[in-house]
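One structure below.
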Amino acid sequence: MAAAGAPDEDEAIEQGRRLFEAPWGFLKGVVDLAHLPAADRPEVAFAGRSNVGKSSLINALVRQSDLARTSNTPGRTQEINYFLCRTATPSFYLVDMPGYGFAKAPKPKVEAWTALVKDYLRGRATLARVYVLIDSRHGIKEVDRTILAMLDEAAVSYQAVLTKADKISVTALAQCRSATAKALEQHPAAFPEVLVTSSETGAGIDTLRAAIWRLVAERRAT
Ligand code: GTP
Ligand code: MG
């Protein structure tokens, strides 16, 4: 991939900015796979442990503070939520998911949505990429490994995104990034580059928009 500041990367950043320029809206929340929207365009999904910052990252991408609902309490997002921008070209869905792992919600409920997330991740043909969010303070946890192994098994393309980069030192962040990249070398479906973001400061958001643009533009070309 071109280095930051190289013409290709500058172009992708500009295209990514445009892709998220117009307002995004909530399309629907899904609690069972039978009610997923028609698989008529690519989709980009955000997965990760409860409270890792999935909904906040979507809000940062679209520059709308309240598109996806966020909370201090793990377990805020309890449905697979679809977002759409009717004028974005190429057209694609953003998909926010319930978190896996610890959540402050009744156990049967958590088990039901974890099963839903797994079934969705394994079976959605139009899923262009899963961004697997990892809290930069904690790195990859056991529950993440289970999901990564499942994505490898299902051959679903995924990329790790470190979140909450504003909460740790530059040194600790660099260590987490290289440890995560090293761990991912063992995972065949993982994209090798690890993205680093902060929804609070906006760090890394333009790079993520550019990556999403590349992805959906490629899908359209095939
Ligand atoms: P669930 O839907 O419960 O799985 O959580 P989620 O992964 O969607 O997390 P959410 O976006 O709701 O964020 C959880 C908490 O982390 C909220 O209090 C956010 O304000 C905070 N948060 C998210 N991203 C960042 C970030 O980049 N920096 C900081 N400092 N806080 C963040
Ligand atoms: Mg959420």
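Whatever order the structure lists them in is the order used to number ligands and atoms, beginning at 1.
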Q: Could you confirm whether S55 has any N/O/S atom lying under 2.8 Å from the Mg ion (ligand 2)?
A: yes
Q. Do any N/O/S atoms of T77 come under 2.8 Å of the Mg ion (ligand 2)?
A.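 Checking T77: at least one N, O or S atom is under 2.8 Å.
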Quick one: are [X] and [Y] in side-chain contact, heavy atoms under 4.5 Å?
{"X": "L148", "Y": "L184", "value": "yes"}
{"X": "V95", "Y": "R124", "value": "no"}
{"X": "N59", "Y": "S65", "value": "no"}

Q: Could you tell me whether D66 and R69 make a salt bridge, using a distance below 4.0 angstrom between a side-chain N and a carboxylate O?
A: no
Is it true that a side-chain atom of [X] and a backbone atom of [Y] form a donor plus acceptor pair closer than 3.5 Å?
{"X": "D119", "Y": "L116", "value": "no"}
{"X": "R177", "Y": "V194", "value": "yes"}
{"X": "Q64", "Y": "W24", "value": "yes"}
{"X": "T89", "Y": "T87", "value": "yes"}
{"X": "K54", "Y": "G48", "value": "yes"}

Counting each atom of ligand 1 from 1 as listed, which ones have a heavy atom of [X] under 4.0 Å away?
{"X": "K54", "value": "1 (P), 4 (O), 5 (O), 6 (P), 7 (O), 8 (O), 9 (O), 11 (O)"}
{"X": "N72", "value": "18 (O)"}
{"X": "S56", "value": "10 (P), 11 (O), 13 (O), 19 (C), 23 (C), 24 (N)"}
{"X": "S71", "value": "12 (O), 13 (O), 14 (C), 15 (C), 17 (C), 18 (O)"}
{"X": "G99", "value": "4 (O)"}
{"X": "P74", "value": "3 (O)"}

Q. Identify the closest protein heavy atom to atom 5 (O) of ligand 1: which residue and atom is it, and at what distance?
A.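 Its nearest protein heavy-atom neighbour is N51 N, 3.0 Å.
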Q: If you have a sec, work out which protein heavy atom is nearest atom 2 (O) of ligand 1 and how many Å separate them, to one decimal?
A: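 For this ligand atom, the closest protein heavy atom is T77 OG1, 2.8 Å.
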Nitrogen or oxygen of [X] less than 3.5 angstrom from that of ligand 1:
{"X": "G53", "result": "yes"}
{"X": "S50", "result": "no"}
{"X": "G75", "result": "yes"}

Q. Can R219 be said to sit on top of F92's aromatic six-ring, NZ or CZ under 6.0 Å from centre and within 45° of the ring axis?
A. no
Q. Non-hydrogen atoms of D166 versus ligand 1: any pair closer than 4.0 Å?
A.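 Distance cut 4.0 Å: D166 passes for ligand 1.
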Q.
I'd like to know if S198 contacts ligand 1, where contact means a heavy-atom distance under 4.0 Å to any ligand atom.
A. yes
Q. To which of R69, E79, K164, Q78 does the heavy atom nearest atom 16 (O) of ligand 1 belong?
A.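 Nearest heavy atom to atom 16 (O) of ligand 1 lies in K164.
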Q) Quick one: which of S199, G101, S55 has a heavy atom closest to atom 8 (O) of ligand 1? A)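 When every heavy atom of S199, G101, S55 is considered, S55 comes closest to atom 8 (O) of ligand 1.
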Q) Y82 vs Y93 aromatic rings, parallel, tilted or perpendicular, using cut-offs 30° and 60°? A) perpendicular
